[in-house]
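In what follows, chains are A, B, ... by sequence order, proteins preceding strands, each numbered from 1.
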Number of protein chains: 2
Amino acid sequence: MTTCSQSCGVGYSYGLAATLRIISGKWKPLILYFLLDGPKRYGELKRTIQGVSAKVLIQQLKELEADCVLARTDYKEVPPRVDYALTPLGRSLAAAIVPLCTWGTENMAEMASIFAERDSLP
Amino acid sequence: MTTCSQSCGVGYSYGLAATLRIISGKWKPLILYFLLDGPKRYGELKRTIQGVSAKVLIQQLKELEADCVLARTDYKEVPPRVDYALTPLGRSLAAAIVPLCTWGTENMAEMASIFAERDSLP
DNA sequence: CTGTATCCCTTGAGATACTG
DNA sequence: CAGTATCTCAAGGGATACAG
């Protein structure tokens with residue numbers, strides 16, 4: 001390539017900034033990623049995404065819904081049944097997240113040793 | 001596909017978690033992305049990434065360096081000259097971030113209206 | 001120019017208990 | 001089952017001033 005300025009310049013960074021605004025949140029990328037597998041119920045997400053509290057999970061789901069990347073369906077049953085699914089927009093976003101997962105998986109060993117060293121410090 | 005469980009299951013989510021651990025930080029994805037353009041000096045980064053303070057920029061640069069995704073070069077000159085460049089590992093990570101930028105750019109219009117509506121609320 | 005050193009402060013997030 | 005309501009808190013981040 002001649003220069004990366006066209007794709008990496010300031011003007012285009014707003015694209016990245018916009019994306020970050022949506023996926024910033026400790027569990028949001030994980031949520032989007034898991035939903036690639038298909039619609040999931042609240043409890044299912046809670047169990048799958050280990051460590052997240054009910055409050056924070058709901059909160060982030062609501063924000064993602066407000067951002068139009070996922071849709072909540074209430075089946076109006078008793079006991080309650082609700083599920084969350086990616087919208088078409090959300091699906092495309094989740095697809096853009098997949099490379100991050102791939103990268104992490106491919107470099108997991110290297111990362112593990114780096115983390116180990118870093119965590120051993122004060 | 002039969003099911004996405006193989007690629008989206010819990011086991012593989014550690015890959016995403018590992019990646020998130022590295023790029024979590026308000027400006028880190030932006031830093032990595034801009035460095036795709038080539039090595040950059042401290043002041044250059046500071047100017048390019050609008051809104052970041054000196055303290056936070058240095059802090060995140062150091063963390064990225066500790067994670068072995070970027071390398072700092074001190075030219076030992078006066079006045080001081082230093083630059084930051086992606087390592088091979090960092091370059092592959094930055095490449096995985098590019099789709100996020102692309103997504104944001106492609107959906108900028110839609111996002112803008114969503115944000116506008118959301119920001120108008122209390 | 002490239003950072004350091006403080007101080008301050010918002011925001012995200014966790015724990016717990018409770019409701020329809 | 002699927003949330004809601006509080007309370008609490010640390011951590012990340014920002015402003016400012018200063019240093020080599």
Checklist entry - Separation of A/L61 atom CG from D/dG3 atom C1', in whole Å? => result 11 Å
Next on the checklist: If you only use heavy atoms from C-beta on, which nucleotide in D/dG3, D/dG14, C/dA13 is closest to the side chain of A/I58?
Outcome noted: D/dG3
Checklist entry - Choosing from D/dA2, C/dT2, D/dG13, which nucleotide comes nearest the side chain of B/Q59? => result D/dG13
Item to check | Phosphate OP1/OP2 of C/dT2: any B/R72 side-chain N/O under 4.0 Å | outcome: no
Item to check | Nearest-neighbour nucleotide for the B/A54 side chain, C/dT4, C/dC1, D/dA2 considered | outcome: C/dT4
Item to check | Distance in angstrom units between B/R81 CZ and D/dG20 C1', rounded | outcome: 18 Å
Checklist entry - Which part of the nucleic acid, if any, lies within contact of B/K55, taking any heavy atom under 4.0 Å across all strands shown: a base, the sugar-phosphate backbone alone, or nothing? => result base
Checklist entry - About how many Å separate CG of B/L32 and NZ of B/K28, when rounded to the nearest 0.5 Å? => result 9.0 Å
Next on the checklist: Looking at A/Y84, I'd like to know whether one of its side-chain N or O atoms comes within less than 4.0 Å of OP1 or OP2 on D/dG3.
Outcome noted: yes
Item to check | Exam field: side chain A/Q60 to backbone A/W27, donor-acceptor pair closer than 3.5 Å | outcome: yes
Next on the checklist: The test is side-chain contact (heavy atoms from CB on, under 4.5 Å); show your working for B/K40 and B/D83 and say whether it passes.
Outcome noted: CA-CA 5 Å; B/K40 294 257 193 295; B/D83 70 26; over 6 Å; no
Checklist entry - Could you give the CG-to-C1' distance, from B/L57 to C/dT4, as a whole number of Å? => result 14 Å
Checklist entry - Roughly, in whole Å, what's the span from CD1 in A/I31 to C1' in C/dA13? => result 13 Å
Checklist entry - For B/W103, which of A/I23, A/I97, A/L89 qualifies under side-chain contact (heavy atoms from CB on, under 4.5 Å)? => result A/L89
Checklist entry - Under 6.0 Å from the six-membered ring centre of A/Y84 and within 45° of its axis: does the NZ or CZ of A/R41 meet both? => result no
Next on the checklist: Of the options C/dG14, C/dG20, C/dT2, whose atoms approach the side-chain atoms of A/W27 most closely?
Outcome noted: C/dG14
Checklist entry - To the nearest angstrom, how far is A/E77 atom CD from D/dC1 atom P? => result 13 Å
Next on the checklist: Rounded to whole Å, please give me the gap between CD1 in B/I49 and C1' in D/dG13.
Outcome noted: 15 Å
Checklist entry - Distance check: side-chain N/O of A/K26 vs OP1/OP2 of C/dG14, anything under 4.0 Å? => result yes
Checklist entry - Whole-Å distance between D/dA2 P and A/K40 NZ? => result 14 Å
Checklist entry - For D/dG12, does either OP1 or OP2 sit under 4.0 Å from a side-chain N or O belonging to B/Q60? => result no
Checklist outcome for this item: Between B/V56 and A/R41, the residue closer to the 5' end of DNA chain D by nearest nucleotide is A/R41
Checklist entry - Rounding to a whole Å, what distance do you find between B/K62:NZ and C/dA5:P? => result 8 Å
Next on the checklist: Using a 4.0 Å heavy-atom cut-off, does B/E63 contact any base of the nucleic acid, only the sugar-phosphate backbone, or nothing at all?
Outcome noted: nothing
